[in-house]
Chemist: 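Supplied in structure tokens, the structure appears directly below.
For clarity, every value in this text was computed on a predicted model and none was experimentally measured. Values below: all heavy atoms of this structure, side chains included; hydrogens, waters and symmetry mates excluded. Whatever order the structure lists ligands and atoms in, that order sets their numbers, starting from 1.
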Amino acid sequence: MEDTIASIATAVGLGGIAIIRVSGHRAKDILSRIFRPHRANRAMTSHRLTYGEVWEGERRVDECMAVYMKAPHTYTTEDVVEFQCHGGAVTAQEVLAAVLRAGARLAEPGEFTKRAFLGGRIDLAQAESVMDLISARTARAAHASLQQMDGYLSRRIHALQDKLLDTIAYLEATLDYPDEDIEPLTARRAAEEARAVQTALQEAVRNARAGRLLSAGVRIVLAGSPNTGKSSLLNCLLREQRAIVTDVAGTTRDVLREELDLFGLPVQLSDTAGLRSAEDAVERIGIDRAREELRRADVALLVLDSARELTPEERSLLRETSVPLVVALNKTDLNARTGVEDVRAALQGAQAFAILLTSAVTGEGIEDLRRALYEAALRGASPEEAYLTNERHVQAAKDALAALESAVTALEDRTLDCAALDLRAAWDALGAITGESATEDVIDRIFEKFCLGK
Ligand code: GDP
């Protein structure tokens, strides 16, 4: 029998209520040991909150609500008990300690969700979406995770797997009853089916970019010479935006990173601070650091002053930036000395995703700038069609694509038995996404990333 696990499920810190969650076969026994319902002798009905007190021996620990949820209709599919006690630093810890002393052990990160997966209530992709939902930084990202939690990704993957299975069955029937006349027809039809799955998967991989950006966020790096209006534009972009409240590790104002919600995409905008001190001795280091930031960006936003001529540094940035580049020709409210054509000429054949005229003073072009940054980040991927949401899904889809490619080749060579094996390999690769064919270490690695109490 598995251990009964317990953990504080709510965030650490001051708050009205904290929830302690317990799961496993001893949960009900633990409840009866430490919880005294206010109306004595009242039996606790499953899934109904009861008001009472937590006691340890003769000491009253807290006054709280408790609920017993009988297996299997619970989060973990096991018996679950939750205490809603007072929040803050002390009480929740004390209730947890009482639960542990009564026979539970402390849960590992993600262990509740892992049990839901092992209990067959959710698949691996759904489990991942729980974590994505918790860490979502925009409403749109949260909605996408909720959809995935509902099994959207898994349904799409299963549909493709079913197609493959039909084709495998069809091939195997021909292999069992070989017939020279039928084989070419079988091979052709199977190849068509395999290609259809291939096309659907290629599309999914293309759109996965949008899914990853929704959950992991977009890095946009602002670059440009001092005084071109980078900070002013940054402020324009941040204005009227719903502030993203969650703290991203390492994000502080002094490194000039800001978070913004760009039509639902969580964006981390960083200003290449180094370029600000271009006049002093640290110029070189500053520019190097800025270039490094630029290399790692999803999108570069180069801000130029339209009232000045282009400098040699700006010209080289235009030519050399390797990530999608959005150019803002700023200060259009002043007399222009550099226009869109000058920027185009300076690109010398390099590509800019968009060149826009902006003014941080009048607000001209700011909405277009926002739109251009959004499109440059997505590069044609559609967030509505993004059902692969992380690197693990994409890798599995790519493995499936490779196996499908080899199946198609085998079908062209009329080696039907090899093709059937390749199709099975593709089926397995897709199964890794939902967990049907995921290995134990992959499963462990996924749940390790969870937070405590989930
Ligand atoms: P940064 O050094 O690139 O961050 O530039 P700042 O945002 O600090 O702006 C430098 C100066 O240019 C400030 O005095 C701003 O008020 C001014 N400025 C910024 N954008 C515009 C603009 O669109 N039009 C005009 N006229 N002035 C601007």
Chemist: Using a 4.0 Å cut-off to any heavy atom of Ala360, which atoms of ligand 1 qualify?
Modeler: 20 (N), 22 (C), 23 (O)
Chemist: For ligand 1, which atoms sit closer than 4.0 Å to a heavy atom of Ser359?
Modeler: 23 (O)
Chemist: Got a salt bridge between Glu203 and Arg206, using NZ or NE/NH1/NH2 to carboxylate O under 4.0 Å?
Modeler: yes
Chemist: At a 4.0 Å threshold, what atoms of ligand 1 neighbour a non-hydrogen atom of Val361?
Modeler: 21 (C), 22 (C), 23 (O), 24 (N), 25 (C), 26 (N), 27 (N), 28 (C)
Chemist: Is it true that Arg219 and Asp298 make a salt bridge, defined as a side-chain N closer than 4.0 Å to a carboxylate O?
Modeler: no
Chemist: Could Glu367 and Arg370 be called an ion pair, given the rule that one side-chain N must be under 4.0 Å from one carboxylate O?
Modeler: yes
Chemist: Once salt bridge (Lys or Arg N to Asp or Glu O under 4.0 Å) is applied, do any residues pair with Arg101, and if so which ones, sequence neighbours excluded?
Modeler: Glu56
Chemist: If you measure from each non-hydrogen atom of Thr228 to ligand 1, which part falls under 4.0 Å: side chain, backbone, both or neither?
Modeler: both
Chemist: Tell me the contacting part of Leu334 for ligand 1: side chain, backbone, both, or neither, using a 4.0 Å heavy-atom threshold, strictly below.
Modeler: side chain
Chemist: Pick one of side chain, backbone, both or neither for how Asn227 approaches ligand 1, counting any non-hydrogen atom pair under 4.0 Å.
Modeler: both
Chemist: Restricting to ring pair (Phe, Tyr, Trp, His ring centres under 6.0 Å), what partner residues turn up for Tyr374, sequence neighbours left out?
Modeler: Phe263
Chemist: Answer yes or no: does an N/O atom from Thr332 fall short of 3.5 Å to an N/O atom of ligand 1?
Modeler: no
Chemist: Using a strict cut-off of less than 4.0 Å between a Lys/Arg side-chain nitrogen and an Asp/Glu carboxylate oxygen, indicate whether Arg424 and Asp428 qualify as a salt bridge.
Modeler: no
Chemist: Counting only nitrogen or oxygen atoms and a 3.5 angstrom limit, does Ser232 reach ligand 1?
Modeler: yes
